[in-house]
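Source: prediction; values computed, not measured.
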Amino acid sequence: MFELEYNIKQPWKKTRFIMREAIFLTLANNLPRFEIFDKVRIILLNLAGMSIAKRAVIWGPVTVRPIGSVKHIIIGENSFLNTETRFGVPNEKVTIGNFVQIGPRVSFETVSHGLLPRPNKLRTSHSLPIKVCDYVWIGAGAIITQGVTIGEGAIVAAGSVVTKDVAPFSVVGGIPAKLVKKIEQ
């Protein structure tokens with residue numbers, strides 16, 4: 001794997017890293033959506049700086065914001081990401097475990113903003129990591145917010161907004177997501 005860190009005192013290294021990410025991410029996102037290209041997409045996303053384990057499948061396209069932050073995404077073995085997955089990861093990581101299934105248009109947002117506006121300035125922001133444990137299923141259009149851990153074997157219903165941790169082997173849904181039921185093991 002390539003060394004993904006750069007020294008701020010050497011801006012050319014940062015520029016090279018960002019250009020590599022932009023090129024490989026663009027190539028991965030513009031591959032035709034045929035099964036034959038799924039392995040190529042994984043190779044390109046790894047070259048862009050993502051950490052993707054064996055046998056993961058990503059249908060793409062994948063949106064990563066801001067540019068230069070793809071290194072904050074870790075995807076486990078045999079996990080599946082459907083189309084149009086979005087990662088907002090400027091400072092913190094999104095870690096997706098093994099055998100995770102993610103529906104289309106799911107967003108992972110590691111940043112939140114303060115409630116009070118500041119005169120002539122943007123609102124303050126703060127970041128926390130997101131962790132998705134093994135065997136999780138996240139339905140289409142769900143939004144996972146900063147600081148959330150989704151426990152092993154949990155299910156997040158389509159369209160849910162997850163603002164708090166999800167217990168293992170439970171089903172959550174709604175806005176904000178609330179416990180629907182526990183899953184009998």
So Val171 and Ile183, side chain to side chain contact (heavy atoms under 4.5 Å, CB included) or not? Walk me through it. CA-CA 7 Å; Val171 179; Ile183 299 171; 3.8 Å; yes
For the pair Arg55 and Glu77, evaluate salt bridge (charged side-chain N to carboxylate O under 4.0 Å, His left out) and give the outcome as yes or no after the intermediate values. CA-CA 6 Å; Arg55 294 182 294 281; Glu77 198 168 313; 2.7 Å; yes
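Heavy atoms only, all atoms of each residue included: Ala142 and Ile138 are closest at CB-CG2, 3.6 Å. Among all heavy-atom pairs drawn from Ala56 and Gly76, the shortest one is CB-O, 3.9 Å. Pro66 and Ser69 get closest at one heavy-atom pair: O-OG, 2.5 Å. Closest non-hydrogen pair, Ala157 versus Gly173, comes out as CB-CA, 3.8 Å. In terms of heavy atoms, Ser170 sits closest to Lys182 at CB-CD, 4.0 Å. The shortest heavy-atom contact between Cys133 and Gly151 is CB-C, 3.8 Å.
Among residue pairs with one or both ends in residues 27-44, those qualifying as salt bridge (charged side-chain N to carboxylate O under 4.0 Å, His left out) are Asp38-Arg41; sequence neighbours excluded.
Under a hydrophobic-cluster definition in which Ile, Leu, Val, Met, Phe, Trp and Tyr are linked whenever side-chain heavy atoms come within less than 4.5 Å, directly or via other members, Leu47 and Ile23 are assigned to the same cluster. The hydrophobic cluster containing Trp59 does not contain Ile96, counting ILVMFWY residues as joined when their side-chain heavy atoms lie under 4.5 angstrom apart, directly or transitively. At a threshold of 4.5 Å between side-chain heavy atoms, the hydrophobic network of Ile, Leu, Val, Met, Phe, Trp and Tyr places Ile74 and Ile43 in two separate groups. Hydrophobic clustering (ILVMFWY, side-chain heavy atoms < 4.5 Å, transitive): Val94 and Val62 are in one cluster. The same ILVMFWY cluster, assembled from side-chain heavy atoms under 4.5 Å apart, contains both Val40 and Leu27.
When atom types are taken as modelled, the side chain of Ser79 and the backbone of Val100 share a donor-acceptor pair closer than 3.5 angstrom. The backbone N or O of Leu115 sits less than 3.5 Å from a side-chain atom of Arg123, completing a donor-acceptor pair. Between the side chain of Ser125 and the backbone N or O of His113 there is no donor-acceptor pair closer than 3.5 Å. With Thr145 contributing its side chain and Glu109 its backbone, the two residues share no donor-acceptor pair below 3.5 Å. Distance alone, capped at 3.5 Å, is enough to place a donor-acceptor pair between the Glu21 side chain and the Gly68 backbone. The main-chain N or O of Asn98 is found under 3.5 Å from a side-chain atom of Asp134 such that the two form a donor-acceptor pair.
Within the 4.5 Å cutoff, no side-chain heavy atoms of Pro90 are placed close to those of Arg65. Val64 has its side chain within reach of Met50: a pair of non-hydrogen atoms, C-beta onward, lies under 4.5 Å apart. You'll find the side chain of Val148 stays beyond 4.5 Å of the side chain of Thr163, heavy atoms only. Between Phe169 and Glu152 there is a side-chain heavy-atom pair separated by less than 4.5 Å. Proximity of Ile42 to Ile58: side-chain heavy atoms (C-beta onward) are separated by under 4.5 Å at one or more points. In this structure the side chain of Val70 never reaches within 4.5 angstrom of the side chain of Phe24, judged on heavy atoms. Under the 4.5 Å side-chain criterion, counting only non-hydrogen atoms from C-beta, Phe108 is not in contact with Val89. Side-chain atoms of Val132 and Ile102, non-hydrogen and from C-beta on, never get closer than 4.5 Å to each other.
Interatomic distance, Asn29 CG to Leu25 CG, rounded to the nearest 0.5 Å: 4.5 Å. Note that NZ of Lys93 and CD1 of Ile130 are 13.5 Å apart. Values are rounded to the nearest 0.5 Å. One finds the OG1 atom of Thr63 at 7.0 Å from the CZ atom of Arg86 (value rounded to the nearest 0.5 Å). Considering CD of Glu92 and NE2 of His126, their distance stands at 11.0 Å, rounded to 0.5 Å. Atoms CD1 and OG, from Ile143 and Ser160 in turn, are 9.5 Å apart once rounded to the nearest 0.5 Å. Distance check, rounded to the nearest 0.5 Å: CD1 of Ile73 to CG of Leu45 gives 8.5 Å.
Phe99 forms part of a hydrophobic cluster together with Tyr135, judged by ILVMFWY side-chain heavy-atom separations under 4.5 Å.
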